[in-house]
Engineer: 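My structure is below; once you've seen it, I'll send some questions.
We name chains A, B, ... by the order of the sequence lines, and we start the count at 1 in each one. These numbers come from a predicted model, not from an experiment.
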Amino acid sequence: MKTTKIGLILLLPALLSATVALVGCPPAPPSNDTGMIEPPDDQSGGATSTISQIGSTTVLPIADAWQQAFTAAHPDIQINVAGGGSGTGIKALTDGTTDIANASRAMKDEEIEQAQEKGVEPVEHVIAYDGIAAVVNTGVGVDSLSVEQLSDIFSGEVTNWSEIGGADVEIIVIGRDSASGTYESWKEMVIQMDGEDKERDYTPEALKEQSNEGVRATVAKTEGAVGYVGLGYIDESVKVIAISPLGGGEAVVPTVESVKTGDYPISRELYMYTAGEPTGAVATYFEWGMGDEGQKLVEEASFVPVK
Amino acid sequence: MVKRRATRVGEWIIERLIQLSGMLGIILVVLIFLFLLQNSLPIFKERTLGELVFGQRWSPTHGDGQFGMLPLLLGSLYVTVGALVIAVPLALAASVFVAEIAPRRMREFLKPAIELLAAIPSVVFGFLGLLVVGPWIDAHVEIIKVGQFAALGSVMLAFMALPTIVSICEDAFHNVPREIFNSSLALGATRWQTITRALMPAARSGIIAAILLGLGRAIGETMTVLMVTGNAQVIPKGLLGFLKPIRTMTATIAAEMGEAAYGSTHFHTLFTIGLFLFIITFAINTIADVIVRRGEKDIA
């Protein structure tokens, strides 16, 4: 009898650990008044409204900075910010459990359809631009590459740095996991060369890291490694590659400035989605975020302001 | 009279409550299974089972989505088998020592200490592997190119499965009647002969069950393998596959669930992986349970 009990006791955790990954992304806590936020009442001073915001971890630094500065200026509005990934945010918006969904990619058609089925009309707000930098281990002996060469590297066509003028070191490709918006952006803009070759995909050999920091750390300590990170994650532990655009041209190093002017070829939009046009507190929040103060915080977080 | 009836009603309620709690585990397992089934079945309208299980390429966001799970199934197999190869000899030795060789006071200290290993969160093992063990092996073994590879996941999982295996093995040794041990010694067998030829065969069913439960623990583990195995969806080849990045089923679900569009093919495929994992762990645990019961009958 005793051992049977042990068997049963151990059965549950084993099964749970197998299934916990499936429920590992809890939905956002519902806001006080889902979707329908009362405009702040300036006269009484006691009334508060809450904005909930969930989604992309890439957008998180901006959302956090906005939340701190905005609530300091508007003590009557409370903002809850959570990560979880672009898809999680969009799902929460569709289910009406969040006011704003953060996303590092545009909503897919099937996601828009699903939202509309549930009576939610998603409205897109581009809140910043983000440049994606190619970074390499310091020992590869290459300073600049074309988009075409990067495409060959990441799709596994080129496997040694010596084939493209570098040291005789095997290329180790480090990418993000496919849930990442950055993974998609890099694939479209670099590997498929802006959609020129839709068949091309990451080499299966590519390692998948869960975060920008993870990519940077692995590239820094792995000989021959190449990866990509958002602009804000560049530091001296890795070498940043200057990239020349498709069809030739001068190689450009990614900076806030070169992304803003459009000289750097690999940049994307970052989004916040609302259900319908924002009203009340959410409208106030967006007005502030897209204004000078909000956009200055975007730049401080090493993203590129929209204006 | 009234008081007695009240007591009876109270007792009836309490009995039902306890009964319900007892059944809660079963109800939960059934509900989880149905939940997995409901969310994974829609995939079979689009793909066949063969395409999913034997497909060689996992690239869910490429084109229509490529959902070949073979790299993931083999990845889980490699990491888990590797973990058992490391954990089983260690766990057997540890449980023999704790059960039969260590003095009583040491045993009283050792057993809870080993069980304490189970209390360490898996993310801590992940950090340890990623920041300490992985880079160390990478620096000392020439053939390894990146500090994230299958065998590293096996090493970390081995330590995580260790308390499960040791604890149950130790119980199994303890349940072996003393007469077997003593008669063997009395016949002039050495302690080593007694342990390997009398004790271990007698505790065989318990040992097998312990290994199977350790296996279940290892195959379902998520966070640690996600952090240390590199997650490249390659099909591992031969023994060299242990030294290269690999991707397991659990890590795939954890990494991709967050941004898979709700209700998409990708979403349903991830649930199908979960369903497969559920079936595998369920089968392993059931087999372990059957073996334990049979062993009890043998000894009785």
Engineer: Taking atom CG of B:Leu31 as the centre, does the number of heavy atoms from other residues, nucleotides or ligands within less than 6.0 Å exceed 12?
Structural biologist: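 Yes - once you tally the heavy atoms of other residues, nucleotides and ligands closer than 6.0 Å, there are more than 12.
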Engineer: Rounded to the nearest 0.5 Å, how far does NZ of A:Lys108 lie from OG1 of B:Thr61?
Structural biologist: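 Output value for this atom pair is 7.0 Å.
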Engineer: Please round to the nearest 0.5 Å and tell me the distance separating atom CZ of B:Arg247 and atom NZ of A:Lys208.
Structural biologist: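 B:Arg247 atom CZ to A:Lys208 atom NZ measures 5.5 Å (nearest 0.5 Å).
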Engineer: Counting only non-hydrogen atoms closer than 4.5 Å, can you tell me which residues of residues 212-228 of chain A sit against chain B?
Structural biologist: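 Only A:Thr218, A:Lys221, A:Thr222 of residues 212-228 of chain A have a heavy atom under 4.5 Å from chain B.
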Engineer: Can you list the steps and then say if B:Val146 with A:Leu207 is a side-chain contact (heavy atoms from CB on, under 4.5 Å)?
Structural biologist: CA-CA 9 Å; B:Val146 199; A:Leu207 269 78; 3.6 Å; yes
Engineer: Could you grab the distance from atom CD of B:Glu256 to atom OH of A:Tyr183, nearest 0.5 Å is fine?
Structural biologist: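 OH of A:Tyr183 is found 7.5 Å from CD of B:Glu256.
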Engineer: Just how far is it from atom NE2 of B:His62 to atom CD1 of A:Ile191, taken to the nearest 0.5 Å?
Structural biologist: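 Between B:His62 NE2 and A:Ile191 CD1, I get 9.5 Å after rounding to 0.5 Å.
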Engineer: Is it true that, when you exclude A:Glu205 itself, more than 12 heavy atoms of the residues, nucleotides or ligands shown sit nearer than 6.0 Å to its CD?
Structural biologist: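 No, CD of A:Glu205 has 12 or fewer neighbouring heavy atoms, counting only those of other groups under 6.0 Å.
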Engineer: Just so I understand: if I count every heavy-atom pair under 4.5 Å between each of A:Glu209, A:Gln192, A:Met107, A:Lys198 and chain B, which residue has the most?
Structural biologist: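 Sorted descending by pairs with chain B, the first entry is A:Glu209.
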Engineer: Side chain, backbone, both or neither: which part of B:Leu226 has a heavy atom under 4.5 Å from chain A?
Structural biologist: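 Both parts, backbone and side chain.
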Engineer: Holding to ring pair (Phe, Tyr, Trp, His ring centres under 6.0 Å), I want the full list of residues that pass it with A:His125, two or more places apart in sequence or in another chain.
Structural biologist: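 So A:His125 forms a ring pair (Phe, Tyr, Trp, His ring centres under 6.0 Å) with A:Phe286.
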Engineer: Can you tell which part of A:Ile90 gets under 4.5 Å to a heavy atom of chain B, answering side chain, backbone, both or neither?
Structural biologist: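 It is neither, since no heavy atom gets under 4.5 Å.
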Engineer: In terms of heavy-atom pairs under 4.5 Å with chain A, which of B:Ala232, B:Ala288, B:Pro135 leads?
Structural biologist: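 Of the candidates given, the most pairs with chain A belong to B:Ala232.
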Engineer: Is A:Glu110 in contact with chain B via its backbone, its side chain, both, or neither, using a 4.5 Å heavy-atom distance?
Structural biologist: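 Answer is side chain: those atoms of A:Glu110 sit under 4.5 Å from chain B.
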Engineer: Once rounded to the nearest 0.5 Å, what's the spacing between atom CG of A:Asp201 and atom CD of B:Gln66?
Structural biologist: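 If I round to the nearest 0.5 Å, the distance is 6.5 Å.
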Engineer: Hey, which of B:Val234, B:Thr229, B:Leu130, B:Ile280 has the most heavy atom pairs under 4.5 Å with chain A?
Structural biologist: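 Going by pairs under 4.5 Å, I would pick B:Val234.
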Engineer: Does B:Phe127, at its CZ atom, have more than 12 non-hydrogen atoms belonging to other residues, nucleotides or ligands within less than 6.0 Å?
Structural biologist: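 No - once you tally the heavy atoms of other residues, nucleotides and ligands closer than 6.0 Å, there are 12 at most.
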